[in-house]
Amino acid sequence: MPVLDAQVAITLPDGSVRTVARGTTAAEIAASISKSLAKAAIAARIDGQLRDLALPIEQDARLEIVTDKNEADALELIRHDAAHVMAEAVQELYPGTQVTIGPAIATGFYYDFARDTPFTPEDLVKIEEKMHEIVNRNTPFTREVWARDAAIDHFKSIGENYKAEIIEDLPADQTITIYRQGKWYDLCRGPHLPSTGRVGHAFKLMKVAGAYWRGDSRNAMLQRIYGTAWRTEKELAEHLHQIEEAEKRDHRKLGREMGLFHLQEEAAGSVFWHPKGWALYRALERYMRAKLDAAGYVEVRTPQLYDSSLFRASGHWDMYGDNMFKIRESVAEDGTEKYLGVKPMNCPAHVQIFRQGLKSYRDLPLRIAEFGNCHRNEPSGALHGILRVRNFTQDDAHIFCTEDQIPTEAAEYFKLQLGVYKDLGFDKIDVKLALRPDVRAGADSVWDKAEQGLRDALRANGLAFEELPGEGAFYGPKVEFHLTDAIGRSWQCGTLQLDFVLPERLDASYVGQDGAKHRPVMLHRAILGSFERFIGMMIEHYAGKFPLWLAPVQVVVATIVSDADAYAETVAAACRKAGLRVEADTRNEKINLKVREHSLSKVPVMLVVGAREAEQGSVAIRRLGSQQQEVLALADAIAKLTAEAQPPAVSPVDDSTDSAF
RNA sequence: GCUGCCGUAGCUCAGUCGGUAGAGCGCGUCCUUGGUAAGGACGAGGUCGUUGGUUCGAUUCCAAUCGGCAGCACCA
């Protein structure tokens, strides 16, 4: 056994080294540095690991004293401890409730409880009060190491079966630690703050909802209480304010207020696009079509209904049959039923187009695009406004190419896609690579190749990415593009999927230079994802205030006096002729009201006309959000607005694109 | 799909301890012609999500069902 030094060397962040007795705690070292640091200390970072202040240091180490200035660490600790405080509060108020897990999350924490009676909003108020009480008690968190079997037996004996189960499933070499706060204690890996008082009072319980034990829908449903917690009351207030701001942007609310679309129960999960919403949709579609044309895609249109045999062959019938809309077409005399399926994606259809006629390597890459209208029978609980619907249109395309062409095609796609996101107002994009799922088609060697292919393509294009094991599609890995919106929320939109499996299953082939048949590779790709979802997201991103080229109504001509009505119609007609989406507001209302209403409905430009403008043949331009007005001659105003309303840098349509059929 | 909550006028909501309902905004008509974020008066509008049950009587109580909201699960 090696002889242990009685002293250990502690390296502080400033590079200085202190020699202290073995077993000295970080708290003691902080105290030796300064009184104020000892007071501010909430945890320690020992060799990069966040640990308890009270943990004895047994060997040479780098040490950083964590205070609430270290935002990420402080929030993590406060939230995690708030979860413990909440669990204590719940068990104190509602004996018999079992605790399970309670982690810190992005803006707060939650704890899952097993209890037969549902928690009510009134219960949350009581729990919150009790939490404040526990924080005021300021009892220290203390760490204990328990023997595994003893811990299991103990938790079973007090009826905490979920806890016992958690311990049973911990790796054999894991130290079982228990944290105590006064009379209450919980199995926990730690670390924790020095005492409950350090949690502070900047927390609030937000909601209670169901959550499956271990996230598996086959398991019992627990009750999850969510809370938010911050370092200061100010941070808490800011967060609550941000939630209110997000609610104001809700696309369901704005969609109604702006007259864009509606949903109704007779067509749950499908969108009724109103004229204004459809104008927006068409503007986006027109832009996308021009981008695809310029990028050498060919556009197609494929059927909605297919014999089930196609989806059986592709694998979708088995994988996703429960979420497909199926129609029984006939029953044969022997009882055999024949089914049709409404297409839930476009890939098998595009393979059918590829398969028409013999394809040569000279035809590749073949980029088949479709604004593909799909139906998926999403579970009722999944539906959400127009963000998650049962009928949607993908900006879908499948690139049939050779393996050699993958890097170039991927690069072209990245370029196209990042340009589109930029044009649409998004410049923060996170890239993720979703790897093979447990249930999948295709041999592992094929998956190795596909995954590596995407990694290579991402690296070659300088895109940093995070890997997500198990998240890929059943036929191939996928690159996901997550956009960050104006208020910092993340939305998964585009994907690029590399697929060696479907061409095989649906027997797609081309004749190579060697005269033999070869399998093409398929790249599945979408930039927006679906128009419905993307538009919903854009409504929230822009808070309804779209750039001029996308705005559902670009211009409103508003009259001040009814004597200007005829002139207003002239102005509106001229705008319309120039291609602007325009409305004339000649109602017998005051200009104040008109300005207010059109401002609230986010119309970017108002052309105000009164007797003076009618007389001079001019318009007073008033921009949304500005009090300024600019009086211009009608022709000048139209020229100016028309120029501004141009969609961003769309190259002209290239009609010479080779068609393979 | 699961858990919880909810479904009253176009919208936001109040109300009925069981006796068929109200407000504001919006809408219509009229007055007002007003220069950049709400001018005024009057009026119309609801079989209280649907179906069934309990009851003399249900929008109110119960059940089922459909839909919505939050979260979970799912998301080719």
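Everything quoted here is computed from the prediction, not taken from an experiment.
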Do any of [range] sit with a heavy atom less than 4.0 Å from RNA chain B, and if so which?
range                       : result
residues 369-379 of chain A : A:R376, A:P379
residues 221-230 of chain A : A:M221, A:R224, A:Y226
residues 553-568 of chain A : A:I560, A:V561, A:S562
residues 597-607 of chain A : A:S599, A:L600

Contacts under 3.5 angstrom, residues 560-568 of chain A side chains, donor-acceptor by atom type, not counting sequence neighbours:
residue, atom, partner, partner atom, Å
A:Y567, OH, A:G617, O, 3.4
A:Y567, OH, A:S618, N, 3.0
A:Y567, OH, A:S618, O, 2.8

For residues [X] and [Y], determine if any side-chain heavy atom of one lies less than 4.5 Å from a side-chain heavy atom of the other.
X      : Y      : answer
A:H251 : A:L387 : yes
A:L641 : A:Q554 : no
A:F325 : A:I327 : no
A:F354 : A:P520 : yes

Exercise for review: Quick one: the dot-bracket string of RNA chain B, using Watson-Crick and G-U wobble pairs with both distances under 3.5 Å, [ ] for crossing pairs and | for bases paired to another strand.
Suggested key: (((((((..((((.....[..)))).(((((.......))))).....(((((..]....))))))))))))....
What does [X] touch in the nucleic acid at a heavy-atom separation under 4.0 angstrom: a base, only the sugar-phosphate, or nothing?
X      : result
A:H524 : nothing
A:F119 : nothing
A:K478 : sugar-phosphate
A:G315 : nothing

Measure [atom1]/[X] against [atom2]/[N] and give the value in whole Å, please.
X      : N      : atom1 : atom2 : result
A:F534 : B:rC75 : CZ    : P     : 23 Å
A:L263 : B:rC11 : CG    : P     : 13 Å
A:R388 : B:rC72 : CZ    : C1'   : 13 Å

Review point. Should A:E129 and A:K126 be marked as a salt bridge (charged side-chain N to carboxylate O under 4.0 Å, His left out) after you check the CA-CA gap, both sets of side-chain angles, and the distance that decides it?
Key: CA-CA 5 Å; A:E129 280 167 11; A:K126 284 185 209 145; over 6 Å; no
Exercise for review: Would you mind listing every side-chain hydrogen bond (donor to acceptor under 3.5 Å, both in side chains) that reaches into residues 259-270 of chain A, with sequence neighbours excluded?
Suggested key: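 Non-adjacent pairs meeting side-chain hydrogen bond (donor to acceptor under 3.5 Å, both in side chains): A:H262-A:Q264, A:H262-A:H274, A:Q264-A:E266.
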Review point. Does the cation-pi check pass for A:R440 over A:F474, that is, NZ or CZ under 6.0 Å from the six-membered ring centre and within 45° of its axis?
Key: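 Pair A:R440/A:F474 does not count as cation-pi.
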**Study point:** NZ or CZ of A:K602 within 45° of A:F546 ring axis and under 6.0 Å
**Key:**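 Here A:K602 fails the 6.0 Å and 45° test against A:F546.
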Review point. Do A:E266 and B:rG49 have a side chain to base donor-acceptor pair shorter than 3.5 Å?
Key: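 Donor-acceptor pair under 3.5 Å: no.
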**Study point:** Donor-acceptor pair present, A:Y212 side chain and B:rG1 base, under 3.5 Å
**Key:**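 Answer is yes: a donor-acceptor pair is held.
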Exercise for review: Could I get the full list of side chain to side chain contact (heavy atoms under 4.5 Å, CB included) partners for A:T393, not counting sequence neighbours?
Suggested key: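 Testing A:T393 for side chain to side chain contact (heavy atoms under 4.5 Å, CB included), a comparison that skips the adjacent residues, returns A:Y281, A:F371, A:N373, A:F531, A:E532.
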Check your understanding: Which of these, A:W491, A:F481, A:F426, sits in a ring-ring contact (aromatic ring centres under 6.0 Å, His included) with A:F534?
Key ->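 By the ring-ring contact (aromatic ring centres under 6.0 Å, His included) criterion, A:F534 pairs with just one of A:W491, A:F481, A:F426: A:F426.
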Practice item. Among B:rG39, B:rA76, B:rG35, find the nucleotide with the atom closest to the side chain of A:L593. Key: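 Looking only at side-chain atoms, A:L593 lies closest to B:rG39.
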Practice item. Please tell me which of the listed nucleotides, B:rG35, B:rA76, B:rA38, lies nearest to the side chain of A:M345? Key: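 The answer is B:rA76, which lies nearest to the side chain.
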Can you see whether [X] engages [Y] through a side-chain donor-acceptor pair at a distance of less than 3.5 angstrom?
X      : Y      : result
A:Q352 : A:T302 : no
A:N346 : A:D396 : yes
A:Y297 : A:R525 : yes
A:Y212 : A:R214 : no
A:Y94  : A:D123 : yes

Point to revise | Partners meeting salt bridge (charged side-chain N to carboxylate O under 4.0 Å, His left out) with A:D499 (sequence neighbours left out) | key: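 A:D499 satisfies salt bridge (charged side-chain N to carboxylate O under 4.0 Å, His left out) with no other residue.
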Check your understanding: How would you list, by chain and number, every residue that makes a salt bridge (charged side-chain N to carboxylate O under 4.0 Å, His left out) with A:K204, sequence neighbours excluded?
Key ->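 Expected list: none.
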Practice item. Taking A:R79 for its side chain and A:A106 for its backbone only, find out whether a donor-acceptor pair lies under 3.5 Å. Key: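 Checked: pair present.
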Output a table of nitrogen or oxygen pairs between the protein and nucleotides 59-66 of chain B separated by less than 3.5 Å.
residue, atom, partner, partner atom, Å
B:rC66, O2', A:E265, OE2, 3.2

Point to revise | Separation of the P atoms in B:rC61 and B:rC25, to the nearest angstrom | key: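 Rounded to whole Å, the distance is 30 Å.
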Point to revise | ring-ring contact (aromatic ring centres under 6.0 Å, His included) evaluation trace for A:H350 with A:F400 | key: CA-CA 10 Å; A:H350 291 178; A:F400 294 83; 7.9 Å; no
Any protein N or O atoms within reach of nucleotides 12-15 of chain B? Criterion: under 3.5 Å, listing atom names and distances.
residue, atom, partner, partner atom, Å
B:rU12, OP1, A:R256, NH2, 3.4

